[in-house]
Number of protein chains: 2
Amino acid sequence: MNLSDFLLSIIAFSPDELQDITSHFEKENIPKDTLLIAQGQISKKLYFIEKGMGRSYYLKEDGKEVTQWFFGVGKFMSSVDSFFQQSSSLYYLETLEDSVIYSISNEKMDLLFSKYHKMEKLGRLVSIEMLTKVVNKLNAIQFQTARERYDYMLAEFPDISYRVPLGHIASYLGMTQETLSRIRK
Amino acid sequence: MNLSDFLLSIIAFSPDELQDITSHFEKENIPKDTLLIAQGQISKKLYFIEKGMGRSYYLKEDGKEVTQWFFGVGKFMSSVDSFFQQSSSLYYLETLEDSVIYSISNEKMDLLFSKYHKMEKLGRLVSIEMLTKVVNKLNAIQFQTARERYDYMLAEFPDISYRVPLGHIASYLGMTQETLSRIRK
DNA sequence: GTTTTCCTTTGACCTAAATCAAAAAGGGAT
DNA sequence: ATCCCTTTTTGATTTAGGTCAAAGGAAAAC
């Protein structure tokens, strides 16, 4: 899914508006396993995934990675708090496959938000959608068993689940790789 | 904190705008333990808490309540997905104290979003703030021990934690009341 | 092809927190 | 003060899932 189609699927932008908005994004080919943001940095860019996939992860003191979110085709990818509040990121953000990505800076994004009421609305709608998804994950983690959490995962990220290493999925679901391996049988 | 002060703390509305916006809200006194939305209903209203507090909770099949969120003074309270996406609510929403609350319907809120670009921006900022808070809770639940989660709770809801029954807090933190009781010593 | 590296599975054991159950402590109402 | 009802604490036991360790498999590198 490309950027224009995605934007139009949410808000009825005019061709001119769409042209202006998309011109603020930069299209990039980013290879697999590229780090986009490191923990502690302030995220300068928001990414839209046209092709490929990414994940955000947290690095614990003991050196273990904990996947925080997966980002698939047709989604915005960022360290949300860092990008929108220009604060130091708690997470690393990386590509998991060779990807085609549209990126935009914080300044340009704010400019678009100010220029277009419709864009502001899009921002609100996308935020709410993300919010409900995070709440769903919270539910899964908070009051479901390991087995039920795996089912939630399959429903939320059907296409992603078989494309990434087991360990990434296990930590996303708040369990160990061993436990997930046993569950899958 | 009253509604006008809250709105002004986020966006510089003109006196006229502020007057128009707040006139769409209805001020109500709501007694303790009043149910505002039941599971399965579609949330018709968004609430702003001037005084008092509330919580949202999920009812499990075995009849146990699991607190999903606490809402304190100066915050918007709702079953987010239900209100903004007009879908059936997964949660109950109730007051935990006698409260003074401003409420607004979904239709009026949409009207304000359409009428004022600034209001749309406010909606986006509030959504993002909520999103980052939910992500913080997710972190606490996903990779912290019971003891650390309690500390997170004290930081996030300092004033609330000693005003509600232990069981509500325990379920909010994804642990049993017994465990929380043992931790507190 | 063979080797190296990474990823997944399996096994044995351990531990944090859940469950079950009952006692203790508060807090209103009368 | 006493009684009733709700909330919190304490104790004994169980369990889901974690940890540690090693063996298979699969895919990339040589």
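- Using a 4.0 Å cut-off between charged nitrogen and carboxylate oxygen, B:E17 and B:K118 count as a salt-bridge pair.
- The shortest distance between the side-chain N/O atoms of A:K185 and the OP1/OP2 oxygens of C:dT10 is below 4.0 Å.
- Under the 4.0 Å criterion applied to side-chain N and carboxylate O atoms, B:K75 and B:E129 are assigned as salt-bridge partners.
- For DNA chain D, the neighbouring residues in residues 138-152 of chain A, judged by any heavy atom under 4.0 Å, are A:T145, A:A146, A:R149.
- Regarding A:D33, its CG atom lies at a distance of 14 Å from the C1' atom of C:dC7, rounded to whole Å.
- Counting only N and O atoms by type, the side chains of A:Y116 and A:D20 include a donor and acceptor under 3.5 Å apart.
- Contacts between residues 157-178 of chain B and DNA chain D, defined by a heavy-atom separation under 4.0 Å, are made by B:P165, B:L166, B:G167, B:Q177, B:E178.
- Minimum atom distance to the side chain of B:R184 is reached by D:dT8, of the listed D:dT8, D:dG18, C:dG11.
- Ring geometry for A:F76 against A:F48 counts as perpendicular: the plane angle is over 60°, on a 0 to 90° scale with 30° as the lower cut.
- Contact annotation: side chain of A:R182 to base of D:dG18, donor-acceptor pair absent below 3.5 Å.
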Would you check, one step at a time, whether the test side chain to side chain contact (heavy atoms under 4.5 Å, CB included) holds for A:L131 with B:I128? CA-CA 8 Å; A:L131 177 56; B:I128 292 275; over 6 Å; no
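- Ring orientation note: the planes of A:Y92 and A:Y57 are close to parallel, at an angle under 30° on the 30°/60° scale.
- Salt-bridge check for A:D98 with A:K51: failed, with every basic side-chain N at 4.0 Å or more from each acidic carboxylate O.
- Residue A:R147 qualifies as open at atom CZ: its count of foreign heavy atoms under 6.0 Å is 12 or below.
- When the P atom of C:dT9 is taken as reference, atom CG of A:L180 falls 8 Å away, rounded to whole Å.
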